[in-house]
Student: 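Once you've had a glance at the structure underneath, I'll fire off some questions.
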Amino acid sequence: MIGNSRLHWAGFIGETLQTWDTNHLPAAAIKEIIESWSAGIWPQEILPLKGTVSAPRDLRLYVASVVPTQTELWQTYPAVRIITLDQIPLLGIYPTLGIDRALAVWGAGKIWGWPVLVIDAGTALTFTGADGNHQLVGGAILPGLGLQLKSLGQKTAALPEIELPAEIPQRFALNTKEAIQSGIVYTVIAGVRDFISAWWDSYPESRILLTGGDRTPIFTYLQAQAPEVAALITVEPNLIFWGMHSIVNIQ
Ligand SMILES: Nc1ncnc2c1ncn2[C@@H]1O[C@H](COP(=O)(O)OP(=O)(O)O)[C@@H](O)[C@H]1O
Ligand SMILES: CC(C)(COP(=O)(O)O)[C@@H](O)C(=O)NCCC(=O)O
Ligand SMILES: [K+]
């Protein structure tokens, strides 16, 4: 899965599933990976994996991407299959829906049941809901936690670029760093709670799944602010891969 910040990898290697993340890769690295795979060799220097790893010649590669320039780099690999929206049986998809959102909500519904709401805390923070008929209800998109911190740091003169706090911060802060942390954390958690509550108004029995690179901090803050809500949320790092797995199997 090619996201806006990183590449998310899942490999069925022998009988086991391994997952890992890398940065976006430069064209030269991708060329090397493709040459290795074409020769039946695992490119261990670029994609280090646990254990001894060989690769079947022309290893099959499924790519879903929300970054077209990155997708393009993989298209020279003969065994690549690009997953596109038309392959996802979700009803009511609109043409510009992110493939990551479609795969995540499809994977969530397939495994945890419908209706379902997915919260993906990645570069962007997205909500994506589908009903009992596997029909997209809709969703919302806002800047993710990292992007909010980064944009304040980069677009102001006086604000530093800081990290997310490990625990929920003090709400009324007396220094700049904690004021930024408080502002972002409390408004995002309030927003997340409001979207969940609005979703439950319409779909009271619905499962809610939380995924994405910032799932752990979001869940930690939610547990501190609203433990009764957090207790009803399922945190699942591999939602998109479950979606991909299901799509790939039905082809
Ligand atoms: N090693 C890491 N590198 C980059 N971002 C990370 C890392 N670990 C956690 N994150 C968090 O993950 C978020 C990006 O989420 P992710 O799901 O990886 O993005 P995307 O799928 O959009 O590429 C960032 O805001 C950052 O806070
Ligand atoms: C909203 C997104 C940028 C999220 O991407 P991510 O944070 O996972 O990198 C991506 O799903 C996307 O480009 N969507 C297209 C617009 C839409 O879904 O309506
Ligand atoms: K853009």
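Each ligand, and each atom within it, is numbered from 1 in the order the structure gives. What's counted below: heavy atoms across the whole structure, side chains too, no hydrogens, waters or symmetry copies.
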Student: Does some non-hydrogen atom of D214 fall short of 4.0 Å from ligand 1?
Tutor: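 Per 4.0 Å heavy-atom rule, D214 contacts ligand 1.
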Student: Would you indicate whether the side-chain heavy atoms of I119 and T211 approach each other to under 4.5 Å?
Tutor: no
Student: For atom 12 (C) of ligand 2, what is the nearest protein heavy atom, given as residue, atom name and distance?
Tutor: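 The closest one turns out to be G98 CA, 4.0 Å.
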Student: Going by the order shown, which atoms of ligand 1 are within less than 4.0 Å of some heavy atom of N4?
Tutor: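 In order of numbering, the contacting atoms are 20 (P), 22 (O), 23 (O).
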Student: I need the nearest protein heavy-atom contact for atom 3 (C) of ligand 2: residue, atom name and distance, please.
Tutor: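 The closest heavy atom on the protein side is N4 ND2, 3.5 Å.
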Student: Side chains of D194 and V192, heavy atoms from C-beta outward: is any pair under 4.5 Å?
Tutor: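 A side-chain contact is absent here, since even the closest heavy-atom pair is not under 4.5 Å.
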Student: Please report which non-hydrogen protein atom sits nearest to atom 19 (O) of ligand 2, along with the residue it belongs to and the distance in Å to one decimal place.
Tutor: Y94 OH, 2.4 Å
Student: Which protein non-hydrogen atom lies closest to atom 16 (C) of ligand 2, naming both residue and atom, and how far is it?
Tutor: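 Its nearest protein heavy-atom neighbour is T96 O, 3.3 Å.
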Student: Using a strict 4.0 Å cut-off to heavy atoms of D100, name the atoms of ligand 2 that fall inside it.
Tutor: 4 (C), 5 (O), 6 (P), 8 (O), 10 (C), 11 (O)
Student: Just how far is it from atom CG of L103 to atom NE2 of H245, taken to the nearest 0.5 Å?
Tutor: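 It comes to 13.0 Å.
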Student: Taking atom types as modelled, is there a side-chain donor on Q87 or T84 under 3.5 Å from an acceptor on the other?
Tutor: yes
Student: May I ask whether M1 has any heavy atom positioned less than 4.0 angstrom from an atom of ligand 1?
Tutor: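 No, that is not the case, since the closest heavy atom of the residue is not under 4.0 Å from the ligand.
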Student: If you count the atoms of ligand 1 from 1 in the order shown, which ones are under 4.0 Å from a heavy atom of G146?
Tutor: 25 (O)
Student: Relative to the heavy atoms of G3, which atoms of ligand 1 are at a distance of less than 4.0 Å?
Tutor: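 Listed by number with element: 20 (P), 21 (O), 23 (O).
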Student: Which atoms of ligand 1 are found less than 4.0 Å from any heavy atom of T123?
Tutor: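 Listed by number with element, the hits are 14 (C), 15 (O), 19 (O), 20 (P), 22 (O), 23 (O).
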Student: At what distance, to the nearest 0.5 angstrom, does CD1 of I180 lie from CD of E161?
Tutor: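 Between I180 CD1 and E161 CD, I get 10.0 Å after rounding to 0.5 Å.
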Student: Between ligand 1 and G213, is the shortest N or O to N or O distance under 3.5 Å?
Tutor: yes
Student: Around atom CD of Q154, are there more than 12 heavy atoms from other residues, nucleotides or ligands closer than 6.0 Å?
Tutor: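 Count over threshold, so yes.
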Student: Around atom 13 (O) of ligand 2, find the nearest protein heavy atom and jot down its residue, atom name and distance.
Tutor: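 Its nearest protein heavy-atom neighbour is V66 CB, 4.0 Å.
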Student: Does at least one non-hydrogen atom of G144 fall below 4.0 angstrom from an atom of ligand 1?
Tutor: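 In this structure, G144 fails to qualify as a contact of ligand 1 - no heavy atom is under 4.0 Å.
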Student: Can you report which non-hydrogen protein atom sits closest to atom 7 (O) of ligand 2, along with the distance?
Tutor: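 That would be A124 N, 2.8 Å.
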Student: Report, in ascending order of atom number, the atoms of ligand 1 lying under 4.0 Å from any heavy atom of G212.
Tutor: 17 (O)
Student: Do you see a donor-acceptor pair shorter than 3.5 Å between the side chains of W9 and T19?
Tutor: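 Distance-only check fails for W9 and T19.
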Student: Please say whether H8 places an N or O atom under 3.5 Å from an N or O atom belonging to ligand 1.
Tutor: yes
Student: What atoms of ligand 1 come within less than 4.0 Å of a heavy atom belonging to S5?
Tutor: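 So the answer, numbered in order with elements, is 19 (O), 20 (P), 22 (O), 23 (O).
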Student: Would the W106 and H134 ring centres measure less than 6.0 Å apart?
Tutor: yes
Student: If you have a sec, work out which protein heavy atom is nearest atom 1 (C) of ligand 2 and how many Å separate them, to one decimal?
Tutor: T126 CG2, 3.7 Å
Student: Does an N or O from L97, backbone or side chain, lie closer than 3.5 Å to an N or O of ligand 2?
Tutor: no
